[in-house]
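Here is the structure we will look at.
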Amino acid sequence: MAALFDLKNVAKSFVKGKEKITIFEDLNMEIEEGDFVAIMGPSGSGKTTLLNMLGGVDQPTGGEVWFDGARIDKLSEGQLAKWRANNVGFIFQFYNLMPMLNAARNVELPLLLTRLGSKQRTKNVMTALKLVELEDRAKHMPNEMSGGQQQRVAIARAIVSDPKLLLCDEPTGDLDRATADEILKTLQLLNTEFNKTIVMVTHDPAAAKYAKRTLHLDKGEFVEAEQAA
Amino acid sequence: MTAVWHYISLIFRLLIRIVTAPVWLPFWIVWWLFEKTGINRLIVKVAMALGLYLVFKNLTRKPLRLFLTMFATFVAFLIYGTLSTFESAIDAGVELSADDRLIVVNKINFTQPLPISYVNRVKGLENLTDVTHLNWFGGYYQDPQNFMAMFAVDEDTFLTVYNEIVLTPEERQDWLGSRQGLIAGKSIADQYGWKVGDRIPINSNIFSKADGSTSWEFDVVGIYTGTDAQTDTSSVYFHYDYFNETQSFGRDFIGFIGVRTVDPAMNEGVIKAIDDLFANTPYETETVPEKVFNQAFIEQIGNLSLILGSVVFAAFFIILVIVGNSMVLAIRERTGEIGVLKTLGFKSTRIFFMILAESLLLAIFSGALGLLATSLAVVAVNQAPIQLPVLVLTPAIIIEALVIMIGLGLVTGILPAVNALRLNIIAALSRQ
């Protein structure tokens with residue numbers, strides 16, 4: 001498999017007051033296309049920062065980030081926005097659906113950035129909703145749906161433009177065990193059946209079991225599971 | 001006890017709804033009509049086609065806030081529209097003044113008379129086409145409160161010098177042939193219900209007849225309109241001869257002389273010729289272009305433009321603060337959502353323009369409703385039996401209002417739009 005992501009000597013630090021806080025000093029990692037990676041670690045270990053850098057919403061202060069053979073850490077804000085729209089689907093812990101839009105319109109959001117016509121957009125939206133088994137809830141508003149259903153709508157939104165990469169930030173953190181399992185099975189399906197590369201940050205070892213491999217992050221470095229524990 | 005409070009609360013809420021009905025009912029009716037006719041679905045389709053769907057949904061997400069903000073803007077533009085049409089109507093007296101028309105008054109001031117013999121002496125000067133004379137009558141109909149602008153005029157020359165007055169050929173004929181004939185403007189005739197053929201008594205609060213009475217009888221022979229929609233049609237004219245022969249004092253004196261020159265370029269020479277002609281006489285004259293005369297007359301009321309401008313400015317300043325504050329709050333509440341949109345790939349500039357479009361749409365839609373209400377108010381005022389100048393919502397006022405709407409939309413939207421433009425995704429998402 002070809003490396004979809006390649007992080008080379010990545011550093012990330014910021015200044016808070018007079019203090020320089022270093023999150024990563026020399027982080028290296030590769031993610032193959034079609035991989036399903038769970039990233040675990042204690043709070044403050046840099047999981048979310050890493051996810052943000054992979055998603056192009058945060059940039060490293062040193063090193064290189066390569067995606068599909070192209071370097072993305074030097075892209076401008078506008079170029080990164082376009083790159084995200086074309087390549088990345090995001091799934092958040094608290095779903096982050098637009099409260100004034102129904103499920104279908106929420107799913108349609110990424111397609112508004114494409115040149116697809118209205119009919120094609122509707123078709124794609126319904127396909128995505130069908131995949132998460134919510135086609136009958138298309139006209140429902142977010143506040144009319146359960147947490148699990150909202151997260152499935154968020155998954156539909158993440159996959160509707162058919163990105164290679166799905167980034168999930170604690171996707172089951174706000175859900176009960178049974179619903180969390182349903183969501184994780186859906187992610188697993190997307191990985192195995194549709195070859196989506198998934199990077200998932202989680203605190204939940206049960207959730208991590210759905211991934212093909214788990215990386216443990218501690219103090220800005222990848223460590224063995226035992227060390228992290 | 002709980003049931004009693006429940007019913008008291010119910011009655012109280014009902015009373016509030018009834019009292020505030022004039023405010024919410026029109027908006028509710030418009031909303032209901034939109035729902036019933038499917039216009040709201042059409043709006044969504046148009047918004048989708050224009051890429052404004054998110055803007056539309058954001059605007060309408062909090063109906064109460066939208067209604068209050070729109071209502072405040074609507075009122076501001078209603079005030080602006082109404083005062084501007086009023087100001088325009090007042091200014092029309094100046095704007096519509098003929099450039100080639102001069103007014104000759106007593107040099108002391110325009111309330112002092114001039115001898116009627118001056119008219120013929122003015123006629124003898126060069127570069128004039130027509131000369132007429134007018135005298136303020138101080139007329140009122142039935143009650144001194146029904147005061148009107150009424151003049152005794154030279155019937156033969158009056159309609160030539162004041163050719164903006166429009167009468168039918170039959171009315172002109174009757175005007176010239178009837179000694180007690182009177183022509184009234186359409187607005188005042190409508191106000192008092194006068195029709196051609198009526199015989200009406202009109203009193204003067206200045207003059208009296210030889211028999212001691214202050215009441216004159218007139219035959220309404222014509223109802224005039226104007227060549228322009230804003231031509232004043234609230235005045236009344238009658239024959240000077242009838243007035244002169246019946247009055248008890250001040251015979252053979254007139255209020256002022258109206259003169260038309262062959263060309264406005266000749267005005268200066270004619271003015272000098274007239275005033276020189278009567279220099280060092282007991283009744284020296286001051287001749288001015290009609291525009292200047294009317295302007296000076298209006299300025300006696302006060303600086304109307306400044307007064308009206310101040311009211312409009314105050315209204316818009318308050319609206320600017322209200323709408324601006326509302327927009328800033330609305331966008332701040334959406335910080336997390338803006339972060340999500342940016343994460344999904346929406347460019348910062350696109351979000352900047354979406355927010356600006358939101359404030360622009362709000363200002364333009366509410367302003368347009370305000371202007372629509374103004375046009376209805378103008379029709380109502382023009383139909384009402386009250387003496388007001390003819391109000392017209394002119395294209396100039398509409399264009400000016402549009403410019404203000406765009407300005408208001410830009411000013412109220414720019415700060416939240418810039419904030420959204422600069423918003424960092426990580427900061428936005430962590431603020432949720």
Side-chain angles (χ1 to χ4, degrees), chain A residues 12 14 23 48-49 51-53 55-59 76-102 104-115 117-119 121-122 141-143 154 157-158 160-161 163 167 169-170 174, chain B residues 40-66 330-355 357-358 361 418 420-432:
Chain A
K12 177 70 184 174
F14 60 90
I23 298 172
T48 302
T49 306
L51 200 72
N52 287 337
M53 284 198 298
V57 295
D58 200 359
Q59 285 178 302
S76 68
E77 196 195 314
Q79 288 169 323
L80 275 173
K82 195 176 173 187
W83 175 81
R84 283 195 299 273
N86 291 333
N87 297 292
V88 192
F90 288 88
I91 299 162
F92 305 91
Q93 180 178 357
F94 298 109
Y95 335 125
N96 284 342
L97 300 179
M98 300 290 150
M100 73 292 187
L101 302 179
N102 64 30
R105 295 289 189 204
N106 262 293
V107 175
E108 191 182 12
L109 278 174
L111 298 181
L112 296 178
L113 301 169
T114 66
R115 294 190 175 186
S118 169
K119 278 185 184 169
R121 288 204 305 266
T122 308
M141 301 303 284
N143 61 7
R157 180 179 68 185
V160 72
S161 53
L167 297 178
D169 191 3
E170 303 270 11
D174 196 42
Chain B
N40 56 347
R41 287 190 293 279
L42 185 71
I43 290 173
V44 169
K45 277 188 180 171
V46 172
M48 280 301 284
L50 295 172
L52 293 173
Y53 181 69
L54 273 178
V55 174
F56 174 75
K57 293 305 284 186
N58 276 326
L59 260 178
T60 54
R61 65 197 292 165
K62 293 209 169 170
L64 181 65
R65 179 153 67 190
L66 174 70
I331 302 305
R332 188 171 293 173
E333 281 169 11
R334 277 188 247 149
T335 300
E337 290 170 27
I338 292 168
V340 172
L341 286 178
K342 285 191 175 187
T343 309
L344 295 181
F346 281 71
K347 285 186 179 168
S348 296
T349 44
R350 182 169 177 156
I351 291 168
F352 171 86
F353 286 116
M354 273 166 59
I355 291 168
E358 210 175 300
L361 274 179
V418 168
L421 177 80
R422 294 166 55 186
L423 190 67
N424 177 279
I425 298 176
I426 296 163
L429 292 176
S430 64
R431 248 192 267 170
Q432 284 185 101

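In what follows, chains carry the letters A, B, and so on, assigned in the order in which the sequence lines appear, proteins first and then strands, with residues in each chain numbered from 1. FYI, side chains are in, hydrogens and waters are out, and symmetry mates aren't considered; it's all heavy atoms of this structure.
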With a cut-off of 6.0 Å (strictly less than), are more than 12 heavy atoms of other residues, nucleotides or ligands near NZ of B:K57? yes
Counting only heavy atoms not in A:E77 (residues, nucleotides, ligands), do more than 12 fall under 6.0 Å from its CD? no
For the student: nearest non-hydrogen atoms of [X] and [Y], plus distance:
X      : Y      : answer
B:G345 : A:A85  : CA-CB, 4.1 Å
A:R84  : B:K342 : NH2-O, 2.8 Å
B:K347 : A:G78  : CE-O, 3.4 Å

From the list A:L97, A:N96, A:L109, side chain to side chain contact (heavy atoms under 4.5 Å, CB included) with B:V340 holds only for A:N96
Considering only heavy atoms and a distance below 4.5 Å, find which of A:A158, A:P99, A:P110 pairs most often with chain B. A:P99
Is the closest side-chain heavy-atom distance between [X] and [Y] below 4.5 Å?
X      : Y      : answer
B:Y53  : A:L112 : no
A:M100 : B:L54  : yes
B:N58  : A:M98  : no

Could you check A:R157 against B:L344 for side-chain contact (heavy atoms from CB on, under 4.5 Å), going step by step and ending with a plain yes or no? CA-CA 9 Å; A:R157 180 179 68 185; B:L344 295 181; 3.9 Å; yes
At a heavy-atom separation under 4.5 Å, does B:I425 approach chain A through its side chain, its backbone, both, or neither? side chain
Return the CZ to OG1 distance between A:F92 and B:T343, rounded to the nearest 0.5 Å. 4.5 Å
Report which part of A:D58 has an atom under 4.5 Å of a heavy atom belonging to chain B: side chain, backbone, both, or neither. both
